[in-house]
Number of protein chains: 2
Amino acid sequence: MRFDTRLSGMLHVLLHMVESGKPVTSEAMAGYLGTNAVVVRRTMAGLRDAGLVRSEKGHGGGWVVARAPSDVSLGDVYSALGSPTLFAIGNRNENPNCLVEKAVNASLGETLREAEALVVARLHNISLADVADTVGGGMEEFKRVMSKGFKDV
Amino acid sequence: MRFDTRLSGMLHVLLHMVESGKPVTSEAMAGYLGTNAVVVRRTMAGLRDAGLVRSEKGHGGGWVVARAPSDVSLGDVYSALGSPTLFAIGNRNENPNCLVEKAVNASLGETLREAEALVVARLHNISLADVADTVGGGMEEFKRVMSKGFKDV
DNA sequence: CTCTCACGTAACTTTATAAGTTTCATGAGA
DNA sequence: TCTCATGAAACTTATAAAGTTACGTGAGAG
């Protein structure tokens, strides 16, 4: 299975967008991620539909965060991506006739559901602002923007 | 990504092996799983190397569980499979230069590590015997074998 | 008005990996 | 010695994220 890095990637560019304070183009974000602008647009489309970001066409256009960073949780971003499958493992057959397999599914399924609930709860409890606060090193401009509060550009 | 069902599949056949009380062929297990005997052998190889099962060639051969079902945890089986990747999501780049990406990795990584630890702990806390106890419906032979304790065939 | 910038989207290719398949070798017992 | 069963190499298939190509649309700049 190739491993889904959309959440990781989108969080990365969202923080750069907050840092920038002005519209960031798909091309620039593709640069941050070492990927293609089309991949960025495709993935950002979910966040736009969820109201987390807005996009503007033309000169000076690009993407901006549509809410205060303290009001966007990692869980919001995860949901906006369509709540992609969290686990790489799982039950072979979700509706087996075999009683033994049903027992295995129940046991394994319960464990995974618990872990999923934990992850989703944690993600909803961390905001972009929280992550921004943990960015180390001389990011003065970043801290300036954050300390002044978010301006809805 | 195609989703890893080896743990689920192996637990299923292990319980059938316990139920049977005699060697079960790869062919029979492939029947339980709706798959191919070679897939079963390939996957069971890890459990054999970990000492959880033994295999015998020739007439009357097949696979047997090498320990008491109460002494084999789901975590043991997971480890024997090589502790396959648990999550379908993760960080894009584990060793970024970008400070923003480092902050994202730390935040997301911590959440996933916590959930992974929870899953592994839970799996180590459930034995094959525990799962067997939850098998519902008229599995008299199964219960008989379990109540008599495990015979090292 | 038109040129350029930037997003929107469809359609296709690439990549990684579990799963599945084919084939042959080896060893155990009837 | 014939059959059964595992062992293992080598190959194909399936799937979904990621990557690419190509073209359309709307918004400023000049």
Side-chain angles (χ1 to χ4, degrees), chain A residues 1-10 12-13 17 20 22-49 53-64 66 78 81-93 153, chain B residues 1-10 12-13 17 20 22-49 53-64 66 78 81-93 153:
Chain A
M1 154 200 317
R2 176 181 278 194
F3 181 94
D4 185 342
T5 62
R6 287 178 293 178
L7 178 58
S8 168
M10 290 304 98
H12 182 182
V13 296
M17 285 160 65
S20 152
K22 53 188 179 184
V24 179
T25 65
S26 306
E27 207 67 54
M29 293 196 263
Y32 296 140
L33 296 176
T35 181
N36 189 294
V38 177
V39 174
V40 173
R41 289 191 196 112
R42 182 198 294 153
T43 314
M44 291 290 286
L47 310 203
R48 183 190 58 220
D49 295 347
V53 297
R54 284 198 309 274
S55 57
E56 307 285 347
K57 292 182 178 179
H59 285 87
W63 300 83
V64 293
Y78 174 71
L81 291 172
S83 300
T85 307
L86 212 51
F87 293 106
I89 70 169
N91 292 324
R92 242 190 121 74
N93 177 350
V153 182
Chain B
M1 141 204 320
R2 177 180 277 195
F3 181 96
D4 185 342
T5 61
R6 286 178 293 179
L7 178 59
S8 169
M10 290 304 98
H12 182 182
V13 297
M17 285 160 65
S20 151
K22 53 186 178 184
V24 180
T25 66
S26 306
E27 207 67 56
M29 293 196 264
Y32 294 141
L33 296 176
T35 182
N36 189 293
V38 176
V39 174
V40 172
R41 289 193 197 110
R42 182 198 296 155
T43 314
M44 290 291 285
L47 310 202
R48 183 190 59 220
D49 296 345
V53 297
R54 284 198 309 274
S55 57
E56 307 285 348
K57 292 180 176 180
H59 285 89
W63 300 81
V64 293
Y78 174 71
L81 291 172
S83 301
T85 307
L86 211 52
F87 293 105
I89 71 170
N91 292 325
R92 242 189 120 74
N93 177 350
V153 182

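Chain identifiers are assigned alphabetically (A, B, ...) following the order of the sequence lines, protein sequences preceding nucleic acid strands; residue numbering begins at 1 within each chain.
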For A:Glu56 and C:dG8, what is the distance between atoms CD and C1' respectively, to the nearest whole Å? 14 Å
Could you give the CG-to-C1' distance, from B:Leu81 to C:dA18, as a whole number of Å? 12 Å
Integer-rounded Å distance: C:dA18 P and B:Asp4 CG: 6 Å
note: B:Phe3, atom CZ; C:dA19, atom P; distance rounded to Å ~ 10 Å
Interatomic distance, B:Met10 CE vs C:dA19 C1' [rounded to whole Å]: 12 Å
Shortest non-hydrogen contact between A:Ala37 and A:Ala30, atoms and distance: N-CB, 3.5 Å
Could you tell me whether the phosphate oxygens of D:dG7, OP1 or OP2, come under 4.0 Å of any side-chain nitrogen or oxygen in B:Ser55? yes
Nearest to the side chain of A:Ser26, which nucleotide is it out of C:dA18, C:dC7, C:dG20? C:dC7
Residue pair A:Leu33, A:Met10: steps toward the side chain to side chain contact (heavy atoms under 4.5 Å, CB included) verdict: CA-CA 9 Å; A:Leu33 296 176; A:Met10 290 304 98; 4.3 Å; yes
Given D:dA27, D:dA17, C:dA28, identify the nucleotide with an atom nearest to the side chain of A:His59. D:dA27
What residues, two or more places apart in sequence or in another chain, satisfy ring-ring contact (aromatic ring centres under 6.0 Å, His included) together with A:Tyr78? none
When you measure from every atom of DNA chain D, which of residues 29-47 of chain B have a heavy atom less than 4.0 Å away? B:Val38, B:Arg41, B:Arg42
Send over the distance from B:Arg92 CZ to D:dG19 C1', rounded to a whole Å. 10 Å
Phosphate OP1/OP2 of C:dG8 contacted by A:Arg48 side-chain N/O (<4.0 Å): yes
Which pair of heavy atoms, one from B:Asn91 and one from A:Phe3, lies closest together, and at what distance? O-CE2, 3.6 Å
B:Thr5 vs C:dA18: side-chain N/O to OP1/OP2 distance below 4.0 Å: no
If I take atom CG from residue A:Leu7 and atom CZ from residue B:Arg92, how far apart are they, to the nearest 0.5 angstrom? 12.0 Å
Round to the nearest Å and state the distance from B:Met17 atom CE to D:dT6 atom P. 10 Å
Determine whether A:Thr85 and A:Asp4 satisfy the following criterion, side chain to side chain contact (heavy atoms under 4.5 Å, CB included), listing intermediate values before the conclusion. CA-CA 9 Å; A:Thr85 307; A:Asp4 185 342; over 6 Å; no
Quick one: does A:Pro84's side chain get under 4.5 Å of A:Arg6's, heavy atoms only? yes
Taking every non-hydrogen atom, the tightest pair across A:Met17 and A:Val64: CE-C, 3.5 Å
Starting from the 5' end of DNA chain D, give me the residue, A:Lys57 or B:Gly61, whose nearest nucleotide shows up first. B:Gly61
Rounded to whole Å, please give me the gap between CD1 in A:Ile89 and P in C:dT17. 17 Å
Can you name the nearest heavy-atom pair linking B:Ser26 to B:Trp63, along with the distance? OG-NE1, 2.9 Å
To 10°, what angle do the rotation axes through the five end pairs on each side of the helix from C:dC1-D:dG30 to C:dA30-D:dT1 form? 10°
